[in-house]
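Structure record follows, encoded as structure tokens.
The first residue of the sequence shown is numbered 1, and numbering continues consecutively from there.
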Amino acid sequence: MAHFLRTAILGSAALLATACSASAVPAPPVASAPPPAAASGWPPAPVVPLPSQPPPALTVDAPLPEQLAKGLVVLRYRADNLRIVPVYGSAALDVSPRIGHIHVTVDDAPWHWADGSGEPLIIQALPPGPHKVWIGLADPTHHVLDSKTVSFVVPVGGHH
């Protein structure tokens, strides 16, 4: 086995030496490739400050129909030009790319809750009938930047 490895290594070295001596003409310079463009739809890399940012926007889907039929409201949402994180306070206003969270109100309640998870909203135990959920996209100081209201009907017999 040792003889085979020594022969293979020496043979490879001889091939490399032959290839190098055969190319007396210098290789053409390699042009540096332009940096790859960010894939369409990717958010900015959250590792460098952005010189300017477009305004944040909120997109909310209708409740998932299969779950709604069972009385469970699952709302998917997406924030554009703002990362959803559980960070609050005026010092966080200077973070770039921009960060924030959402506020949620169900059926015009006089109160709301804040969520910084970025995960879909799951609401259960609503009585059958029409309902609406207001979602506000907020900065770290709770100033609402964009909002959407989703209306839906929990069907009779749809109890989770």
Side-chain angles (χ1 to χ4, degrees), residues 12 16 19 23 25-160:
S12 296
L16 180 61
S23 63
V25 178
V30 177
S32 61
S40 177
W42 282 21
V47 295
V48 294
L50 299 175
S52 66
Q53 300 179 67
L58 178 66
T59 303
V60 181
D61 285 344
L64 297 177
E66 301 83 22
Q67 301 305 312
L68 189 58
K70 299 174 188 175
L72 187 64
V73 181
V74 179
L75 295 171
R76 296 180 298 179
Y77 66 91
R78 182 182 77 234
D80 294 318
N81 308 315
L82 181 141
R83 290 180 298 139
I84 302 289
V85 293
V87 177
Y88 307 95
S90 59
L93 289 172
D94 294 331
V95 173
S96 175
R98 184 184 296 118
I99 62 173
H101 59 279
I102 61 169
H103 291 180
V104 182
T105 302
V106 178
D107 292 336
D108 295 321
W111 52 270
H112 67 266
W113 75 87
D115 180 68
S117 72
E119 296 296 323
L121 293 172
I122 300 173
I123 304 167
Q124 60 184 9
L126 290 176
H131 297 278
K132 62 182 175 178
V133 174
W134 175 88
I135 303 172
L137 188 61
D139 72 13
T141 64
H142 305 283
H143 174 76
V144 175
L145 306 167
D146 191 14
S147 67
K148 300 289 186 277
T149 299
V150 178
S151 297
F152 54 90
V153 175
V154 173
V156 174
H159 296 305
H160 181 74

Could you check Phe152 against Val133 for side-chain contact (heavy atoms from CB on, under 4.5 Å), going step by step and ending with a plain yes or no?
CA-CA 9 Å; Phe152 54 90; Val133 174; 3.7 Å; yes

Ignoring hydrogens, what is the shortest heavy-atom contact between Leu82 and Pro56? Give both atom names and the distance.
CB-CB, 4.0 Å

Using modelled atom types and a 3.5 Å cut-off, is there a donor and acceptor pairing between side-chain atoms of Lys132 and backbone atoms of Thr149?
no

Does the side chain of Val87 reach to within under 4.5 Å of the side chain of Val95, using non-hydrogen atoms?
no

Would you give the length of the straight line joining atom OG1 of Thr59 to atom CG of Asp80, rounded to the nearest 0.5 angstrom?
5.0 Å

Polar side-chain atom of Asp146 near backbone of Leu137 as donor-acceptor pair, under 3.5 Å
no

Between Ser117 and Asp115, which heavy-atom pair has the shortest distance, and what is it?
OG-OD2, 2.9 Å

In the structure I gave you, are the side-chain heavy atoms of Pro140 and Ile99 within less than 4.5 Å of one another anywhere?
yes

For His101 versus Asp139, what's the shortest heavy-atom pair and its separation?
CE1-O, 3.0 Å

Leu121 side chain near Ile102 side chain, heavy-atom distance below 4.5 Å:
yes

Which atom of Asp107 lies closest to which atom of His131, heavy atoms considered:
OD2-ND1, 2.6 Å

Can you measure from CG (Leu75) to NZ (Lys148) and round to the nearest 0.5 angstrom?
14.0 Å

Give a yes or no on whether the backbone of Pro54 and the side-chain of Arg98 come within a donor-acceptor separation of less than 3.5 Å.
yes

Where do Tyr77 and Glu119 come nearest, in terms of heavy atoms and distance?
CE2-O, 3.1 Å

